[in-house]
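Everything on this sheet refers to the single structure shown next.
Quick note: numbers below take in every heavy atom, side chains included, and nothing from hydrogens, waters or symmetry partners.
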Amino acid sequence: MKPTITPDILYIGQDDADLRLFESQYVVPEGMCYNSYLIMDEKVAIMDTSDRRTLEAWKTDLTEALAGRTPDYLIIHHIEPDHASGIAEVLKMYPDIKLVCSAKAQTMLPLYFPDSDLSERVMTVKEYDTLSLGKHELKFIMAPMVHWPEVMTTYDATDKVLFSADGFGKFGVIDADPDDWACEARRYYFNICGKYGAPVSTLLKKASALEIEQILPLHGPILKGEMLSEALRLYGIWSQYGVETEGVFIAHASIHGNTKEAAEKLAEILKEKGCKKVAISDLTREDQAEAIEDAFKYGKIVLAASSYDAGLFPPMYDFIHHLQIKAWQKREVGLIENGSWAPSAGRVMTQMLQEMKDITIKGNTVTVRGKMKSCDLYALEELAEALMA
């Protein structure tokens, strides 16, 4: 069911319930939605378009919502193809329409629409420029690197809504369970925007000066009421790389199951010692994006990996590399390595962690040789003590 926003702001976004891999890398079991909006006033503004997979349905909904009227503006918050694939189609449908976007977006338009002459069709705006549609006056707020350099947001003071681009987005379709917003929104944030905490924090400061009753993102549900307040609270934590949940997250990558056994034994010891929360993930079988989410969610993490080719087992290497490129920081880390004749995983993990910001290695690296033995239990106990300190 299409969400109701305000009498003048209509939802024309689309669900892609059959999509299973967003951006060719993120698992989306419930699909994805591409949100688009229409402001009906003396002048009419389309707020973004849709992904090419849903473009025909979007055009149909747009035409029906317009009810015979002709749009004056297409406002482009973000030029990524999942939101901007319909720009050329809109230009064909409405030859007099003006494209409203940031100056950086204007320079990027030819990269995606090389066959369209846009020189006379674009109106660029800068920070706090306004555009009157009648009773609705739109204020443009730049949000570079949330999460592309051309991104901007729009505030409508009349209806007190913020069109937030990819900010405050979520994996899933538009009518997914609103009570479960944080889980998929967290996975979305840290995998899509996680690297850009400082720009997100800047946008939050700008938004704090506005009276906002609804946030209208490009993905996920409309945020209002308690869900809006919770989203703002969590974004405040996430953008600062703060700790959301006290506890320990254990990520393991095991070739034959022996390293996994050690990781699970550590989890058991931590629980016995009163650790509030212990989460565990098998990097060889589970969704890496979820593991990245948990690495940001918890303040303490244990990396347990097998040695491999005198280095590090690739699933763990890939995981830490993803943490590096997402600017993971301000965390305490414990290490477990396994190596039958020449353990090397701990050395490589330590080197990779040293390249990151504000990472503290807790205790000594636990070295297991082959199958875990009774003598390894003492080292695991010591590591658990160091993590609990």
Side-chain angles (χ1 to χ4, degrees), residues 1-19 31-101 113 116 121 123 131-140 152-166 168-170 172-176 178 213-224:
M1 184 174 68
K2 299 283 187 182
T4 300
I5 304 173
T6 73
D8 296 335
I9 301 178
L10 309 179
Y11 181 84
I12 54 171
Q14 302 298 314
D15 280 341
D16 189 351
D18 296 328
L19 187 71
M32 199 69 179
C33 64
Y34 307 105
N35 296 341
S36 174
Y37 311 90
L38 192 64
I39 304 179
M40 303 291 280
D41 203 338
E42 294 173 23
K43 292 184 179 295
V44 176
I46 304 169
M47 313 299 277
D48 301 293
T49 65
S50 191
D51 184 76
R52 63 180 179 83
R53 287 169 54 95
T54 56
L55 195 54
E56 290 306 312
W58 178 82
K59 287 162 60 179
T60 297
D61 285 356
L62 169 65
T63 302
E64 290 180 359
L66 285 168
R69 295 193 64 182
T70 300
D72 300 277
Y73 304 105
L74 169 57
I75 296 176
I76 304 167
H77 294 106
H78 182 23
I79 204 169
E80 198 168 4
D82 54 330
H83 309 298
S85 289
I87 290 175
E89 291 293 314
V90 169
L91 291 172
K92 291 176 186 176
M93 295 166 67
Y94 308 106
D96 296 324
I97 199 169
K98 285 285 188 182
L99 306 183
V100 181
C101 63
F113 305 100
S116 299
R121 312 290 293 278
M123 175 193 305
L131 176 65
S132 177
L133 303 180
K135 70 176 183 178
H136 292 264
E137 183 169 276
L138 307 182
K139 178 184 288 187
F140 302 105
M152 69 178 190
T153 64
T154 299
Y155 177 65
D156 174 11
T158 301
D159 284 339
K160 298 181 176 58
V161 302
L162 178 70
F163 298 87
S164 62
D166 268 352
F168 299 97
K170 174 183 175 292
V173 293
I174 190 66
D175 61 351
E213 293 183 357
Q214 298 187 70
I215 290 181
L216 279 53
L218 286 175
H219 294 296
I222 309 305
L223 300 177
K224 52 188 173 182

I'd like to know if Arg53 pairs up with Asp18 as an ion pair, taking the criterion as any Lys NZ or Arg NE/NH1/NH2 lying under 4.0 Å from an Asp or Glu carboxylate oxygen.
no
Could you please spell out the steps behind the side chain to side chain contact (heavy atoms under 4.5 Å, CB included) verdict for Glu89 and Trp58?
CA-CA 11 Å; Glu89 291 293 314; Trp58 178 82; 5.9 Å; no
Could you check whether His83 and Asp48, counting side-chain N and O atoms only, form a donor-acceptor pair closer than 3.5 Å?
no
For the side chain of Thr158 and the backbone of Lys135, is there at least one donor-acceptor N/O pair under 3.5 Å apart?
yes
Rounding to 0.5 Å, atoms CD1 (Ile215) and CG (Leu162) come to a distance of 5.5 Å
Any non-hydrogen side-chain atom of Ile87 less than 4.5 Å from a side-chain atom of Leu91?
yes
Can you find a pair of side-chain heavy atoms, one from Tyr94 and one from Leu66, that are under 4.5 Å apart?
yes
Nearest-0.5 Å distance, OG1 of residue Thr49 to CG of residue Leu74:
6.5 Å
Quick one: pull up OG1 in Thr70 and CE in Met93 and give me the separation to the nearest 0.5 Å.
10.0 Å
More than 12 heavy atoms of other residues, nucleotides or ligands under 6.0 Å from CZ of Arg121: yes or no?
yes
Using a 4.5 Å cut-off on heavy atoms from C-beta on, say whether the side chain of Asp82 contacts that of Met32.
no
May I ask you to test the Phe140-Thr154 pair for a side-chain heavy-atom distance under 4.5 Å?
yes
Is any side-chain heavy atom of Tyr155 closer than 4.5 Å to a side-chain heavy atom of Lys160?
yes
Could you tell me if the side chain of Ile75 sits less than 4.5 Å from the side chain of Met152, heavy atoms only?
yes
